[in-house]
Engineer: 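I'd like to ask you about the structure that follows.
Letters A, B, ... are given to chains in the order of the sequence lines, protein chains preceding strands, and every chain is numbered from 1.
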Number of protein chains: 2
Amino acid sequence: MTRRRSATLRDVATSAGVSRTTASYILNGRADEMRIASATVAKVQAAVADLGYRPNRSARSLRTQRTATVGLISDQIAGEQYGSSMLTGASVAARELDHLVVMGESGGDPDLERLLIEEMLERDVDGVVYATRTARAIQLPRGLRGVRSVLLNCEDPREQLASVVPDDEGGGRAAAAVLLAAGIEDVVVVGEDPALDATAGPRRMAGIRAELATRGIEVADHVACDWSVPDGFEAASQWLAGGGRAAGLICMNDRLAMGVYQALAEAGLRVPEDVSLVSFDGSSLADWLRPAATTVELPFADLGALAVRRLLDPEDPGGTVSVPMTVRHGGSVRPR
Amino acid sequence: MTRRRSATLRDVATSAGVSRTTASYILNGRADEMRIASATVAKVQAAVADLGYRPNRSARSLRTQRTATVGLISDQIAGEQYGSSMLTGASVAARELDHLVVMGESGGDPDLERLLIEEMLERDVDGVVYATRTARAIQLPRGLRGVRSVLLNCEDPREQLASVVPDDEGGGRAAAAVLLAAGIEDVVVVGEDPALDATAGPRRMAGIRAELATRGIEVADHVACDWSVPDGFEAASQWLAGGGRAAGLICMNDRLAMGVYQALAEAGLRVPEDVSLVSFDGSSLADWLRPAATTVELPFADLGALAVRRLLDPEDPGGTVSVPMTVRHGGSVRPR
DNA sequence: GCATATTGCTGACACGATTCAGCATGTGGT
DNA sequence: ACCACATGCTGAATCGTGTCAGCAATATGC
């Protein structure tokens, strides 16, 4: 780090002809409280501008135990296709509150996770956001007990913690509502949650069921498969080969939708002429399909931003906040 | 930050019955150099383990001017689909060298960029990685002059700086070589660089030309369009409608390839029976196509990791390092 | 037996900020 | 003339570490 040896508070004080104490009070906005003459304030401010003074954060942190830095621990969100927007959201929100984000990815390894948490606490981060790639139930890592923290895209059912998640149930209702509004009552769902602790699937499913129930309808069929393109293709192909047909399909995510598009195309079925389709996630992949898929957006950036804002808000009441998912219309739904 | 008031060096020293100085030397691995009796070393280590001592980083930084932290400034890499793997790579490499990553995204705003750089320097990061979403020529931000830094996925042609970029020209040669090896000599390239300062396109193109030249061949045609799915679809559709045909297509990235697949399908042409196709990036999108596209991988994680390693290596000689791009074979190329 | 090295350790200062307690000086009330 | 009080500032301690210079005790050389 070659960098001009920067001015210290002492330099400012000397240059302005006051004590370090006085300069410090002024710089921390305590001038009024300390009844400092406005002429003095002006002198100090001039010295600051003149010397290009910037406080040394390490020194300040040593005294105050605050670093204006938040930690963001995740299993995998950085390398992830779309979830990485949570990082952007978090980073932007942190900046707005004069903080920076220190990130660490555990890759799912609990030992590494412990290490990263320790490293962050050593560095006196002002709080930690604990994020997961997929929405699910987790257990708060031991190292974060008693540490100011917010869960992002996950919840700990055992503890009463601040946590920020997407409103998957509302999203499920919205998806079903799109099909109902198009006059479609024959709805098949593609995709089942692979992991036991995953919350997105069950909640979306509950929302879909609830919305259909308002018309006295039930889900016509549920095609089970993992949430990936090839699995979607395989499962949908088999379903179609077995005579499966439906006016409306709901895919648990956009990747599945891509696989389903492929299967439909090979079976000679067209979207939306023969089948209407709605999916989840709101990734750009949905836009790239032909026609673009109507998809219920996961507000990743908002989730990340909200997590940081709650972390840094001393008034935050805690508890889970569900962020709404909104429908982005493509051309994959056609009214009957 | 509610956290147990942790043990300090003084506590350790008292508990072990030695001076702070001695304890400090031992903890910094200078026991031998300072000829400290092994019995004393053992006593101190026991005290450390007993008290769960962890050094206070702020205090240490104040003395040493080092924070065991590196800054990572980018325009957009976090929110980006695949480039975000650079973050993962950087984070992992940093951890291996006992550092953490502080990230900041400017979103391309120079003012915000300046601010982020200032914030990081205030926090005494040990160095800064300056990354861009797309490979291109840049001008080193003023605030980083004289600061230890490494450019990631970009270069400053005016300055002799350490920088880590993909070997796009080698990638271009590799792409062409795949087609040549399949006996295809009729090669059309899809995609032209949209931005003036972008380096990926021209370099890939140069590589393709060079490889073809070894057989005395030239690129048969160049379909100009932006590097996105819809643009790829539009451009390829028009080209096909105008009678364009080729045995081999090289797409400048995987998104373009997806658009081209769509256009080919609508024109009734099949990959790889009628047309062989190679693309760039190595994103998962290439795997999702049917058949999976043969693609020249952009080693994002390696790039990020290497940038951090070079940043933290005092012996690093500087200059540009090009990381090889390797071919990932899908089913989109068929020998003639 | 004395000068000199070596061994093993410590005292004290510095890093750059925050903050408590207190010290002059002026001002108003009685 | 004296006390009380507000005004405007400062000295000194503190946060937890790193490190230079030096000190006492023992070993070594001749």
Side-chain angles (χ1 to χ4, degrees), chain A residues 1 3-45 47-48 51-69 121-124 126, chain B residues 1 3-45 47-48 51-69 121-124 126:
Chain A
M1 210 73 229
R3 200 190 171 208
R4 71 193 177 288
R5 182 81 171 52
S6 60
T8 78
L9 188 57
R10 167 181 268 107
D11 300 330
V12 170
T14 308
S15 158
V18 299
S19 69
R20 294 211 317 285
T21 307
T22 302
S24 175
Y25 283 143
I26 292 171
L27 293 179
N28 290 322
R30 299 179 60 187
D32 283 356
E33 177 194 346
M34 290 292 141
R35 300 175 298 235
I36 294 179
S38 57
T40 310
V41 172
K43 270 193 304 184
V44 169
Q45 282 167 346
V48 165
L51 298 172
Y53 170 76
R54 315 230 91 200
N56 177 313
R57 298 274 186 169
S58 299
R60 173 177 291 178
S61 301
L62 179 57
R63 274 299 308 223
T64 61
Q65 321 275 45
R66 298 242 202 72
T67 50
T69 282
L121 294 183
E122 272 182 31
R123 281 172 183 76
D124 267 327
D126 295 345
Chain B
M1 207 78 229
R3 202 193 170 206
R4 70 192 179 289
R5 183 78 172 53
S6 61
T8 79
L9 189 57
R10 168 181 267 107
D11 299 330
V12 170
T14 307
S15 158
V18 299
S19 71
R20 293 213 320 285
T21 305
T22 302
S24 175
Y25 282 141
I26 292 171
L27 292 180
N28 290 324
R30 298 180 61 188
D32 283 355
E33 178 194 347
M34 289 293 141
R35 299 176 297 236
I36 295 179
S38 57
T40 310
V41 172
K43 270 193 304 184
V44 169
Q45 281 167 348
V48 164
L51 298 172
Y53 171 75
R54 314 230 92 201
N56 177 314
R57 298 275 186 166
S58 299
R60 174 176 290 180
S61 302
L62 180 55
R63 273 301 307 220
T64 62
Q65 321 276 42
R66 299 243 202 72
T67 50
T69 282
L121 294 183
E122 272 182 32
R123 282 171 181 76
D124 266 326
D126 295 345

Engineer: May I ask you to evaluate whether B:S24 reaches the phosphate of D:dG18, defined as a side-chain N or O under 4.0 Å from OP1 or OP2?
Structural biologist: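 So the side chain of B:S24 is within the cut-off, an N or O lying under 4.0 Å from OP1 or OP2 of D:dG18.
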Engineer: Counting only side-chain nitrogens and oxygens, does B:N28 get under 4.0 Å of the OP1 or OP2 atom of D:dG18?
Structural biologist: yes
Engineer: Could you pick out which residue, B:G17 or B:A59, lies toward the 5' side of DNA chain C when each is mapped onto its nearest nucleotide?
Structural biologist: B:G17
Engineer: Look at the side chain of B:A37 and decide which nucleotide, out of C:dG16, C:dT18, C:dG8, has an atom nearest to it.
Structural biologist: C:dG8
Engineer: What is the separation between atom CZ on A:R66 and atom C1' on D:dG16, rounded to the nearest whole Å?
Structural biologist: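 Taking atom C1' of D:dG16 as the reference, CZ of A:R66 is at 18 Å.
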Engineer: Can you work out whether B:R63 or A:T22 has the more 5'-proximal nearest nucleotide on DNA chain C?
Structural biologist: B:R63
Engineer: State whether A:S19 places a side-chain N or O below 4.0 Å from either non-bridging phosphate oxygen (OP1 or OP2) of D:dC9.
Structural biologist: no
Engineer: Return no unless some side-chain N or O of B:T40 is found under 4.0 Å from OP1 or OP2 of C:dC9.
Structural biologist: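 B:T40 to C:dC9 OP1/OP2: side-chain N or O found under 4.0 Å.
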Engineer: Hey, does the side chain of A:Y25 come within less than 4.0 Å of C:dA17's phosphate (OP1/OP2), counting only N and O?
Structural biologist: no
Engineer: Pick base, sugar-phosphate or nothing for B:L62, based on heavy-atom distances below 4.0 Å to the nucleic acid.
Structural biologist: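 Result for B:L62 = base.
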Engineer: Within this structure, what is the CZ-to-P distance between B:R20 and D:dC20, rounded to whole angstrom?
Structural biologist: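 Rounded to the whole Å, the gap is 16 Å.
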Engineer: If you take all heavy atoms of A:Y25 and A:I36, which pair is closest and at what distance?
Structural biologist: CB-CD1, 4.0 Å
Engineer: Expressed in angstrom and rounded to an integer, what is the separation of B:R123 atom CZ from C:dA17 atom P?
Structural biologist: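 Answer to the nearest Å: 14 Å.
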Engineer: Is A:R10 close enough to C:dG16 that one of its side-chain N or O atoms is under 4.0 Å from OP1 or OP2 there?
Structural biologist: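 So the side chain of A:R10 is outside the cut-off, no N or O lying under 4.0 Å from OP1 or OP2 of C:dG16.
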Engineer: If I compare all heavy atoms of B:A68 with all of B:D126, which pair ends up nearest, and what's the gap?
Structural biologist: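 Minimum heavy-atom separation between B:A68 and B:D126: N-OD2, 2.9 Å.
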Engineer: Looking at A:S61 and A:R66, what are the two nearest heavy atoms and their distance?
Structural biologist: OG-O, 2.9 Å
Engineer: Determine: side-chain N/O of A:T21 to OP1/OP2 of C:dT18, distance under 4.0 Å, yes or no.
Structural biologist: no
Engineer: When the distance from CZ of A:R35 to C1' of D:dA6 is rounded to whole Å, what number comes out?
Structural biologist: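 A:R35 atom CZ is separated from D:dA6 atom C1' by 6 Å.
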Engineer: Give the rounded distance in Å between these two atoms: CZ of B:R60 and P of D:dT19.
Structural biologist: 10 Å
Engineer: Could you state the atom-to-atom distance from CD1 of A:I26 to C1' of D:dC9 in whole Å?
Structural biologist: 10 Å
Engineer: Any donor-acceptor pair under 3.5 Å linking the side chain of B:R123 with the backbone of B:T67?
Structural biologist: no
Engineer: Determine the contact category for A:I36: base if any of its heavy atoms lies under 4.0 Å from a base atom, sugar-phosphate if only primed atoms, P, OP1 or OP2 are that close, otherwise nothing.
Structural biologist: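 Sugar-phosphate: the residue A:I36, judged by heavy atoms under 4.0 Å, touches backbone atoms but no base.
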Engineer: How long is the line joining CG of B:D124 and P of D:dG18, in whole Å?
Structural biologist: 15 Å
Engineer: Which atom names give the shortest non-hydrogen contact between A:Y53 and A:L27, and what distance separates them?
Structural biologist: CE2-CD1, 3.5 Å
Engineer: Say whether, by atom type as modelled, one donor and one acceptor occur between the side chain of B:S24 and the main chain of B:R20 under 3.5 angstrom.
Structural biologist: no
Engineer: Atom CE of A:M34 and atom P of C:dT19: how far apart are they, to the nearest Å?
Structural biologist: 9 Å
Engineer: Is B:R30 near enough to D:dT19 that one of its side-chain N or O atoms lies under 4.0 angstrom from OP1 or OP2?
Structural biologist: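 Result: yes.
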